[in-house]
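In this text the structure is predicted, and so the values were computed from the model without any measurement. Below, chain A is the first sequence line, B the second, and so on; all start at residue 1.
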Amino acid sequence: MKALQASTSYSVGFGISSVAPPPIPSHHHRHLIVAKVEPTEKSVEVMRKFSEQYARRSGTYFCVDKGVTSVVIKGLAEHKDTLGAPLCPCRHYDDKAAEAQQGFWNCPCVPMRERKECHCMLFLTADNDFAGQDQTISSEEIKESTSNM
Amino acid sequence: MAITASASVPRTVAITSPSSLLTNPKVSPLSSLQFPSELRVRSRSLRFSNRPRTLVLVASKKQSFSSFEELLEKSDKPVLVDFYATWCGPCQFMVPVLDQVSSSMIDKIQVVKIDTEKYPAIADKYSIQALPTFILFKDGEPFDRFEGAMGADQLIQRIETSLQVKQ
């Protein structure tokens with residue numbers, strides 16, 4: 001990161017990504033090339049189950065908008081795939097690999113474990129304006145609400 | 001962290017907001033950072049380009065800038081910048097909210113979205129940590145800053161209050 005800061009802004013920040021360029025996606029998108037990685041189905045399923053269990057265990061609820069829940073679950077799965085641990089997808093990091101090793105922001109993160117604070121809006125306490133009634137989410141729900149991404 | 005600087009633009013396409021790209025093909029007042037001008041946000045076909053160093057930001061009204069700083073400098077209105085990431089749930093929640101806010105406040109502010117994974121240097125420059133983080137820039141400088149998802153009314157309130165108080 002030091003090298004980037006030394007330069008003027010015109011080129012460095014844009015041309016360089018801290019994430020490896022994603023693979024060119026599949027034949028489905030004939031006309032639209034979207035450079036975004038999808039997590040594996042296996043990891044999504046693992047994080048979906050984890051989220052349900054942890055919501056129950058912590059007495060928290062999913063967002064009224066299950067799209068939010070779905071995106072976060074996929075983000076956790078994506079990090080699990082690329083980093084080996086479900087690093088919080090709602091943060092910007094200097095060094096994701098180091099953070100995943102360190103663990104503070106691995107889900108369930110320390111703020112959640114200590115204070116039930118989840119700024120991803122994945123686990124919401126009942127008094128939160130965005131909290132719904134559900135502690136479950138199906139894989140169909142996840143697929144449908146992220147199908148436009 | 002090891003950064004490999006490559007002379008040519010990597011093969012990623014700067015789709016900064018996939019969902020709004022797919023669902024909002026019409027002209028939007030939002031500006032997304034884009035790579036060279038061959039890329040048209042509103043059409044559905046995008047090509048990779050090997051344009052090296054000069055990075056062109058194409059706002060949706062087709063201005064081009066060589067850097068984020070230039071975009072801020074050249075704006076005649078305050079700029080609300082949304083720092084987000086693809087798989088951040090609250091950030092995606094804000095996509096339609098920002099559409100609404102930027103339409104209803106089109107005369108008052110310009111809305112720009114920055115994918116922090118594609119532009120980590122910009123995110124670092126402004127010490128972005130939690131996502132989404134919103135920074136309201138005035139005269140090229142951060143002026144107000146807040147985090148988290150909220151509804152359109154609340155966001156409009158926050159921006160208007162901020163612009164009124166700090167004249």
*Asks:* Does one hydrophobic cluster hold both A:F50 and A:V46, with members joined at side-chain heavy-atom distances below 4.5 Å?
*Replies:* yes

*Asks:* Counting only heavy atoms not in A:R57, do more than 12 sit closer than 6.0 Å to its CZ atom?
*Replies:* no

*Asks:* If you compare all heavy atoms of A:P89 against all heavy atoms of B:C88, which two are closest, and at what distance to 0.1 Å?
*Replies:* O-CB, 3.6 Å

*Asks:* When you look at NZ of A:K74, are more than 12 heavy atoms from neighbouring residues, nucleotides or ligands closer to it than 6.0 Å?
*Replies:* yes

*Asks:* Return the CE to CD distance between A:M121 and B:Q92, rounded to the nearest 0.5 Å.
*Replies:* 12.5 Å

*Asks:* Measuring from atom CH2 of B:W87 to atom CG of A:L87, what distance do you get when rounded to the nearest 0.5 angstrom?
*Replies:* 15.5 Å

*Asks:* Run the side-chain contact (heavy atoms from CB on, under 4.5 Å) test against B:A123 and tell me which residues pass, sequence neighbours left out.
*Replies:* A:H92, B:T116, B:I128

*Asks:* Would you mind checking which part of B:A85 comes under 4.5 Å of any heavy atom in chain A, side chain (CB onward), backbone (N, CA, C, O), both or neither?
*Replies:* side chain

*Asks:* For the side chain to side chain contact (heavy atoms under 4.5 Å, CB included) test, which of A:D65, A:V71, A:V68 pairs with B:P90?
*Replies:* A:V68

*Asks:* Kindly state each residue pair satisfying ring pair (Phe, Tyr, Trp, His ring centres under 6.0 Å) with at least one member in residues 127-149 of chain A, sequence neighbours excluded.
*Replies:* A:F130-B:F93

